[in-house]
Amino acid sequence: MVEYTGQARDTGLRIKTELASRPTPSAMATPAILLRDVNLFYGANQALYDISMDIGERMVTAFIGPSGCGKSTLLRCLNRMNDLIDNVKITGKVEVNTLDIYGPKTDVIEVRRKVGMVFQKSNPFPKSIYENVVYGLRIAGINDKATLDEVCERSLRGAALWDEVKDRLDQSGLSLSGGQMQRLCIARAIANEPDIILMDEPCSALDPIATVKIEELIYALKEKYTIVIVTHNLQQAARVSDMTAFFWLGRLVEYGQTSDLFTKPKEKHTEDYITGRFG
Amino acid sequence: MRLGTLVRRGDPFVWLAGSGLGISLLMILGLLGVILVNGLGFFWPKPLLQLTLKDGVVLLGEPVTREVIPTPGVVDAPEQFRLQLKLGNRDLFGADFRWVDEAEITGRERPRDAFYFERREYGPLIGTPVRLTRGGDALATGPDAVWAALAPLIEQAEVDRAAIRTIERDEIGAINFAIERARLDMRAIDLRERQRPEQRLDAERAALDQEVVRQKALYDERQRALEALYERAAQTYLTVRASDGQEKEIRTLDIFRAYPANQLSWAEKAGVYASRIWEFVSGDPRESNTEGGIFPAIFGTVMMVVLMSLVAVPFGVLAALYLREYAKQGTLVRLVRIAVNNLAGVPSIVFGVFGLGFFVYFVGGTIDRAFFPESLPTPTYGTGGILWASLTLALLTVPVVIVASEEALAAVPRSMREASLAMGATKFQTILRVVLPAAAPGIMTGLILAMARGAGEVAPLMITGVVKLAADLPLDGIFPFFHLDRKFMHLGFHIYDVGFQSPNVEAAKPMVYSTTILLLGIVVALNITAIVIRNRLRRKYQTGAF
Ligand SMILES: Nc1ncnc2c1ncn2[C@@H]1O[C@H](COP(=O)(O)OP(=O)(O)O)[C@@H](O)[C@H]1O
Ligand SMILES: [Mg+2]
C-alpha cells in the first residue's frame with residue numbers, strides 16, 4: 001500500500017488522507033508528477049500551504065475547491081507559469097517524470113514543452129488554424145512542410161477537430177466556435193508531444209454540448225497523456241477524473257480516488273463542499 | 001419646458017457640445033472650400049477681355065478680380081469699382097498685372113482673335129497671332145491660318161523639348177557626373193600620394209586621364225547632337241501683336257500651350273484645364289516656381305516622408321518594446337515616458353536646429369572628412385540634404401510612434417502571451433511571433449499620426465536640406481540611384497517660397513492654393529494607404545472579442 005499524503009497545517013489541524021486502493025500499480029511506482037511541501041507566496045500573501053501529492057501517470061486528476069483556494073496557482077506551478085508573475089516565491093519540490101522542474105539546471109522551455117497547458121479562456125493565436133497547431137514546432141525551429149503537415153493532421157485528429165476544419169486550415173483560428181477554439185488549443189498543446197496536459201477550467205466558457213465534446217476528448221486523451229484538470233463543476237470532475245483533489249484556502253484537504261471522494265469523503269470540509277453547503 | 005428641467009437633463013450641455021463640433025466642422029469645410037475654389041479655379045481658362053480706356057490705351061487680358069476703390073475720409077462717396085487684369089507680356093510691358101478704374105473704361109469687348117500663349121519665360125503672352133515663319137519664309141498669316149498651322153507645331157515642340165531635356169539633363173548630366181567623379185578621384189590620388197610619397201600611382205592616374213578623355217569625347221558628341229536638334233527644332237517663329245500694337249517674335253519651341261480664349265467651347269476649356277492640371281502635377285517648375293509644375297516638390301515630399309517613416313518606425317517600435325516588455329517598470333521608466341511625451345511637444349524648429357548642428361555639421365562633417373576628403377572644402381554630406389532632413393523629422397516624430405506602439409503593445413492580451421510561453425516559446429519568440437503581429441495595427445496608427453505630422457512640417461526642413469529649386473531629384477538613373485546627400489524640394493516649403501518669397505507675388509498667388517491642395521492630397525493619400533494597410537492587418541490579426 002502506498003500512501004498519498006496530503007498535508008495542511010491549519011491551526012493545529014493535520015489531515016492525513018489515506019487511499020483505500022491504488023488506481024494502477026505502475027502509476028504508484030512512478031508518479032508522473034511529485035509535489036513535496038510546496039508553498040507559494042504572492043509577495044507577502046501565501047497562496048499555497050505545504051502541498052504534497054503524487055499524480056499518477058496516464059490518468060485524469062481533477063482539482064476541485066471553492067474559488068480562490070489556489071487550484072490555478074498550483075496548476076501553474078506544474079509548468080512554471082508562475083515564473084511570469086513578479087514577486088512570486090515558491091518553496092518545496094516539484095518533479096515531473098523525476099525531473100526537478102525548479103532545479104537550478106532545469107531549462108524552463110524544456111519543462112513547458114513537456115507539460116502543455118490549456119487555459120480557461122481559449123486563446124488561439126490570431127493566425128490560421130494550421131499555424132496555431134504547428135506553433136510549437138515553428139518555435140522549435142522545425143519548418144519542414146511535410147513534418148508540419150503530418151503533425152498538424154495528427155494533432156487535430158487527436159483533438160477530435162480534424163473533420164470539422166480539414167477544409168479550412170488556412171482560416172483564422174479565431175473564426176471557430178468557442179468549443180472548437182478550445183479543442184484547437186488542445187491540438188496546439190498535443191502537437192508539442194507533451195507528457196502532461198494541464199487544463200484550467202477548460203469548459204467554463206462553453207455550452208453544454210461543447211462541454212460534452214471536450215469531456216469525451218479528455219477521456220480519449222488519457223490513453224496517452226497524464227491530465228490534470230481544474231474544474232468548478234463537480235459533476236464534471238466526477239465524470240472525467242480518476243483521482244480528485246479537494247483544496248481549501250490554499251491547502252490540500254483531501255485527495256483520493258474520485259469515486260471514493262465523492263461517495264465517502266473522509267473530511268468534513270470535503271463533504272460540505274460536495275454537498276453544496278459552501279463554495 | 002421649464003429651464004430647471006432642461007438644465008437638469010443636460011440639454012444645454014448637449015447643445016454646447018453640438019455647436020462645438022459644428023464650429024469645428026465649419027472651420028474645416030471653410031478652409032477646404034477656400035483652398036479648393038482658389039486652387040482648382042486657377043487652371044480653368046478664362047475669357048480675354050479687351051478694354052479701351054479714356055486716354056485711348058487698349059488693354060487685353062484676363063480679368064482677375066473686381067473690388068471697391070477705398071475712399072478713406074470721404075463720407076457717403078458713391079461706390080467706385082476697379083478691375084484687375086492679367087495682361088501677361090512681361091517682356092513688353094514690364095508688369096503682368098494692372099488695376100483699371102471702371103470709370104476710365106470706355107469700351108469693353110471680347111476679341112475673337114485674342115490668344116493666350118504659355119511659354120518658357122516672361123510669363124504668358126497675350127495677343128493676336130500675326131504670322132508664322134520658318135527660316136524667313138512665311139508659313140501662314142492671319143490669326144486663323146496661324147492657329148491651324150500652330151497646333152501641330154506646339155505638339156512637335158513638346159516632343160523636341162523632351163528630346164533636348166533627355167540629352168541635356170540625363171545624358172550630359174551623367175557625363176558631367178562622371179567627369180566630376182574622375183576629378184575627385186584624381187584629387188584622392190593626390191591626397192594618398194601626399195600621405196605616402198613612396199608609392200607610385202601613375203597607372204591609376206593614367207586610367208583616370210583616359211576616362212576623362214573618353215567622357216569628354218562623349219560630351220562633345222552629345223553636344224553636337226544637341227546642336228543638331230536645336231538646328232532642326234528652333235526654326236519656326238511665331239509673331240504676335242500685343243494690345244498696344246507691339247509685335248513680339250518667339251520660337252515655337254518655347255511655346256507650351258496656346259488657345260484662342262474667346263472661341264473655346266466647354267469641352268475645349270475642359271481639355272485645357274486637364275492638360276494644365278497634368279502639367280502641374282507632373283512637370284518641372286518654370287519662372288521661379290510661379291509657373292509650370294511642382295513634380296520635384298511632390299517627389300521630395302513623398303520620398304522624405306517615406307525615409308522618415310523607415311527610420312522612425314523601427315526605432316520607435318524598438319524603444320516601445322524595450323519600455324513595455326523588457327524594462328523594469330519603475331520610476332526611471334516613468335520618467336522616460338514623461339520625457340518622450342514632452343519631446344512630442346517641442347517646437348519643430350528646435351529639432352531643426354538640432355538636426356543642423358548634429359546631423360549636418362557633426363555627422364555629415366565627420367562623414368565628409370572620413371569618406372569624401374577629396375571634395376573638401378565643398379561638403380558632400382556636411383550640408384543639408386534629404387537624408388538629414390528625414391532624420392531630423394524622424395527624431396521629431398519618433399515620440400508619436402513610441403507612444404502609439406506602447407499602447408498597442410499594452411493592448412495585446414496577456415492570455416495570448418501566456419499561450420505562447422506555455423508552448424515553450426521564449427519571451428523573444430513570443431514578442432516576435434505573437435505580440436508584434438497583434439500590435440501591428442496599433443503601430444500602424446502611430447505611423448499614420450507620425451506621417452501626418454511629418455508631411456506638414458516645414459520649419460526644421462528649411463535649415464536641413466530643403467531648397468526652392470533643386471535641379472536633380474534625390475532618386476534618378478545615375479549610379480548609386482539614391483542620392484541622399486542631395487537637396488530637395490518640398491511642398492510645404494514651396495508654399496512658403498512661392499507665396500512669400502516670389503518676385504512676382506501676384507502671379508504666384510494661385511500656385512499657393514494649388515500647392516496646398518496637393519500637399520493636403522498627399523497627406524490624405526499617405527494616410528489612406530496606411531489606414532488600408534492597418535485595416536488589413538486588423539482583419540488578419542483580429543484578437544478574440546471576449
Ligand atoms: N497574480 C496574482 N497575484 C497575487 N495574488 C494572486 C495572483 N493570482 C492569484 N492570486 C491569489 O491567490 C489565491 C489563489 O488564486 P487562484 O489560484 O487563482 O484560485 P482558484 O483558481 O482556485 O480560483 C487567491 O487568493 C488569489 O487572490
Ligand atoms: Mg482559477
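Labels below follow one simple rule: chain letters A, B, ... track the order of the sequence lines, proteins then strands, and each chain is numbered from 1. Just so you know, these numbers use all the heavy atoms, side chains as well, and skip hydrogens, waters and symmetry mates.
Contact record, A/Asn79 with B/Ala422: ND2-CB, 4.3 Å, taken as the closest heavy-atom pair. Scanning both residues, B/Glu418 and A/Met81, for their nearest heavy atoms gives O-CE, 3.5 Å. Across every non-hydrogen atom of A/Pro124 and B/Met416, the tightest pair is O-SD, 4.3 Å. Taking all atoms of both residues into account, the shortest heavy-atom contact from B/Ala419 to A/Asn123 is CB-ND2, 3.2 Å.
Between chain B and the residues A/Glu131, A/Glu110, A/Arg188, A/Lys114, the most heavy-atom pairs under 4.5 angstrom are made by A/Arg188.
The environment of A/Ile209 atom CD1 is sparse: at most 12 non-hydrogen atoms of other residues, nucleotides or ligands sit within 6.0 angstrom. The neighbour count for B/Phe315 CZ, taken as heavy atoms of other residues, nucleotides or ligands under 6.0 Å away, does not exceed 12. Within a 6.0 Å sphere centred on CZ of B/Phe428, other residues, nucleotides and ligands contribute 12 heavy atoms or fewer. Heavy-atom neighbours of A/Lys89 NZ from other residues, nucleotides or ligands within 6.0 Å: at or below the threshold of 12. Annotation: A/Phe41, atom CZ; neighbour count of heavy atoms from other residues, nucleotides and ligands within 6.0 Å is above 12. Around the NZ atom of A/Lys224, the shell of radius 6.0 Å holds no more than 12 heavy atoms that belong to other residues, nucleotides or ligands.
Between the CG atom of A/Leu84 and the CZ atom of B/Arg414 there is a distance of 6.5 Å, given to the nearest 0.5 Å. How far CG of B/Leu421 is from CZ of A/Arg80: 12.5 Å, rounded to the nearest 0.5 Å. Between the CE atom of B/Met423 and the CZ atom of A/Arg113 there is a distance of 7.0 Å, given to the nearest 0.5 Å.
Proximity of B/Arg433 to A/Tyr135: side-chain heavy atoms (C-beta onward) are separated by under 4.5 Å at one or more points. Using a 4.5 Å cut-off on side-chain heavy atoms (C-beta onward), B/Gln429 and A/Arg138 make no contact.
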